[in-house]
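Computed from a predicted model, the values in this text were never measured in an experiment. Computed over heavy atoms, backbone and side chain alike; hydrogens, waters and symmetry mates excluded.
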Number of protein chains: 2
Amino acid sequence: MKLEQAIKSENFKSEVHKATLNILYTAWWLKTQGATILKQYGITHEQFNVLRILKGKHPESMCVRDIAGRMIERNSNVPRIVDRLELKKLVERNQSQIDKRETVIHLTPLGIDLLERSRQAMDAYHEAEIILSNEEAQQLNALLEKIRLKEK
Amino acid sequence: MKLEQAIKSENFKSEVHKATLNILYTAWWLKTQGATILKQYGITHEQFNVLRILKGKHPESMCVRDIAGRMIERNSNVPRIVDRLELKKLVERNQSQIDKRETVIHLTPLGIDLLERSRQAMDAYHEAEIILSNEEAQQLNALLEKIRLKEK
DNA sequence: ACCAAATACATGTATATACACCTAACATTA
DNA sequence: TAATGTTAGGTGTATATACATGTATTTGGT
């Protein structure tokens, strides 16, 4: 679907302006699609993201700060997302012995299992629904990074 | 900044997978940048979006449903966003005389003024910070729409 | 060793997102 | 026109986002 239909608007100031709205809309669409899949596993997009990040260091623990630095949406409130994962027994939280200010978090076997299953479902979705060649994806990545050129 | 640095991760399953994360991250980045500007005008991104949509029909009113259909993030709770705009006297809400179920909303002079000023600031930001040629923006729009090809 | 500054994380508040549910008003059709 | 279904939008709840503030701990200068 063209952006014009999606947000019922035709008057964009420029192609660049349209592109910014298109990125916001496409991100919303991707999140919504992902959320539908993740719902079957009882987790949200952000919870999935934290599990994914923890898996990167597993079986080692990670502190809240390290997780936060890897989040896609950087202002996510990691302690509270971890609260919910802990309630579902997908992660465990402990005070670090080296630095007692730090809370270190690691996946439980239940967390690993749920992550693997939900990740497979997400990958399958991407393979089935997103028809983009490798070259097109590379091009897209380059253009997105060009938009963020002045990122500090 | 490359996505790899931004989210401190190197292992993407594919270029397509990287592209989806890149879209989510770029959208977050654009929203954050926009929020900084809009904060000076006392409104949020979604409130700005509603004002922008209302402007499209001004001086006519629009009902909640019409606004919702034009929102970028489609599950936005329009009645509550309108609540906040109404509190700030940027819009007025009335019951429709034609269909009494409908609430029709229109911009106040204060709302128009604030929209124009904030929109200028947003446009200036885009012009200064986003260095993308018309052709590149068109290419980007085409690629994003290709990702959403199977959108229903 | 002590005190000030910095750091890590928890917590509070306002807003937004996502979705379920409710009520009033309208539309349909028997 | 009464009964039924549909639609509009308001409201409740859980989660997330954005940001300010509080508290314990560590660090670094003297």
Side-chain angles (χ1 to χ4, degrees), chain A residues 24-25 27-51 61-88 90-91 93-105, chain B residues 24-25 27-51 61-88 90-91 93-105:
Chain A
L24 295 175
Y25 178 73
W28 169 82
W29 184 78
L30 285 170
K31 277 207 254 187
T32 304
Q33 299 286 110
T36 308
I37 295 161
L38 293 175
K39 205 179 174 180
Q40 302 170 319
Y41 299 89
I43 55 173
T44 65
H45 214 276
E46 291 311 294
Q47 290 169 15
F48 176 74
N49 199 18
V50 169
L51 293 178
S61 293
M62 289 180 80
C63 70
V64 171
R65 190 186 145 73
D66 283 353
I67 297 171
R70 286 171 171 75
M71 294 296 281
I72 295 170
E73 320 226 337
R74 300 275 273 274
N75 289 318
S76 295
N77 206 327
V78 176
R80 273 191 280 235
I81 295 172
V82 172
D83 285 347
R84 278 148 207 150
L85 293 172
E86 203 181 16
L87 274 173
K88 286 181 269 208
L90 301 175
V91 304
R93 215 192 306 225
N94 290 102
Q95 190 182 45
S96 164
Q97 289 312 303
I98 300 135
D99 183 337
K100 286 182 180 166
R101 288 171 304 182
E102 286 185 357
T103 301
V104 293
I105 297 139
Chain B
L24 295 176
Y25 178 73
W28 169 81
W29 184 77
L30 285 171
K31 276 207 256 185
T32 305
Q33 300 287 110
T36 308
I37 294 161
L38 293 175
K39 204 178 175 180
Q40 302 170 318
Y41 298 89
I43 55 173
T44 66
H45 213 276
E46 291 311 293
Q47 289 169 14
F48 176 73
N49 199 19
V50 169
L51 294 178
S61 293
M62 289 180 79
C63 69
V64 171
R65 190 185 145 76
D66 283 352
I67 297 171
R70 286 170 170 75
M71 295 294 281
I72 294 170
E73 321 226 335
R74 300 274 275 272
N75 289 317
S76 296
N77 207 327
V78 175
R80 274 191 280 236
I81 296 172
V82 172
D83 284 347
R84 279 148 206 150
L85 293 172
E86 202 181 18
L87 275 173
K88 285 181 272 210
L90 301 175
V91 305
R93 217 194 304 227
N94 288 101
Q95 191 182 42
S96 165
Q97 290 312 305
I98 300 137
D99 183 338
K100 286 183 180 166
R101 289 171 303 182
E102 286 184 356
T103 302
V104 293
I105 298 138

**Message:** Taking CZ in Arg65(A) as the centre, count heavy atoms belonging to other residues, nucleotides or ligands within less than 6.0 Å. Is the count above 12?
**Reply:** no

**Under 3.5 Å donor-acceptor, Lys88(A) side chain and Gly42(A) backbone** = yes

**Prompt:** With a non-hydrogen cut-off below 4.0 angstrom, is Arg84(B) in contact with a base, only sugar-phosphate, or nothing?
**Reply:** sugar-phosphate

**Complete:** Of all heavy-atom pairs linking Val104(A) and Ser96(A), the shortest is CG1-CB, 3.9 Å

**Asked** What integer distance in Å separates Glu102(A):CD from dT7(C):P?
**Response** 13 Å

**Fill in**
In whole angstroms, the gap separating P of dT23(C) from CD of Gln95(B) amounts to 18 Å

**Asked** When all nucleic acid strands are considered with a 4.0 Å heavy-atom cut-off, which category describes Arg93(A): base, sugar-phosphate, or nothing?
**Response** sugar-phosphate

**Message:** Pick the closest DNA chain C nucleotide for Lys39(A) and for Val78(A) by heavy atoms, then say which residue is nearer the 5' end.
**Reply:** Val78(A)

**Message:** Rounded to whole Å, how long is the line connecting atom CD of Gln40(A) with atom P of dA18(C)?
**Reply:** 17 Å

**Request:** Using the closest heavy atom to pick a nucleotide of DNA chain C for each, name whichever of Thr36(A) or Lys88(B) lands nearer the 5' end.
**Result:** Lys88(B)

**Prompt:** Want to settle it: does Cys63(B) or Arg80(B) sit nearer the 5' end of DNA chain D, counting the closest nucleotide to each?
**Reply:** Cys63(B)

**Asn75(B) CG to dA18(C) P, straight-line distance once rounded to whole Å** = 5 Å

**Message:** Using 0.5 Å steps for rounding, measure from the CG atom of Leu38(A) to the CD atom of Gln40(A).
**Reply:** 9.0 Å

**Asn77(B) side chain, from C-beta outward: closest of dT7(C), dA24(C), dC19(C)** = dC19(C)

**Item:** Test salt bridge (Lys or Arg N to Asp or Glu O under 4.0 Å) applied to Arg84(B) and Glu46(B), step by step
**Value:** CA-CA 11 Å; Arg84(B) 279 148 206 150; Glu46(B) 291 311 293; over 6 Å; no

**Prompt:** For the pair made of CD1 in Ile98(B) and C1' in dC26(C), what is the distance, rounded to whole Å?
**Reply:** 14 Å

**Message:** Please compare Met71(A) and Arg101(A) by the position of their nearest nucleotide in DNA chain D and report the one closer to 5'.
**Reply:** Met71(A)

**First-last contacting nucleotides on DNA chain D - partner chain A, under 4.0 angstrom, heavy atom** = dT15(D) to dT26(D)

**Request:** Determine the sole option in Gln95(A), Arg101(A), Gln97(A) for which the side-chain hydrogen bond (donor to acceptor under 3.5 Å, both in side chains) test with Asp99(A) is passed.
**Result:** Arg101(A)

**Request:** Would you give the length of the straight line joining atom OG1 of Thr44(A) to atom NZ of Lys31(A), rounded to the nearest 0.5 angstrom?
**Result:** 10.5 Å

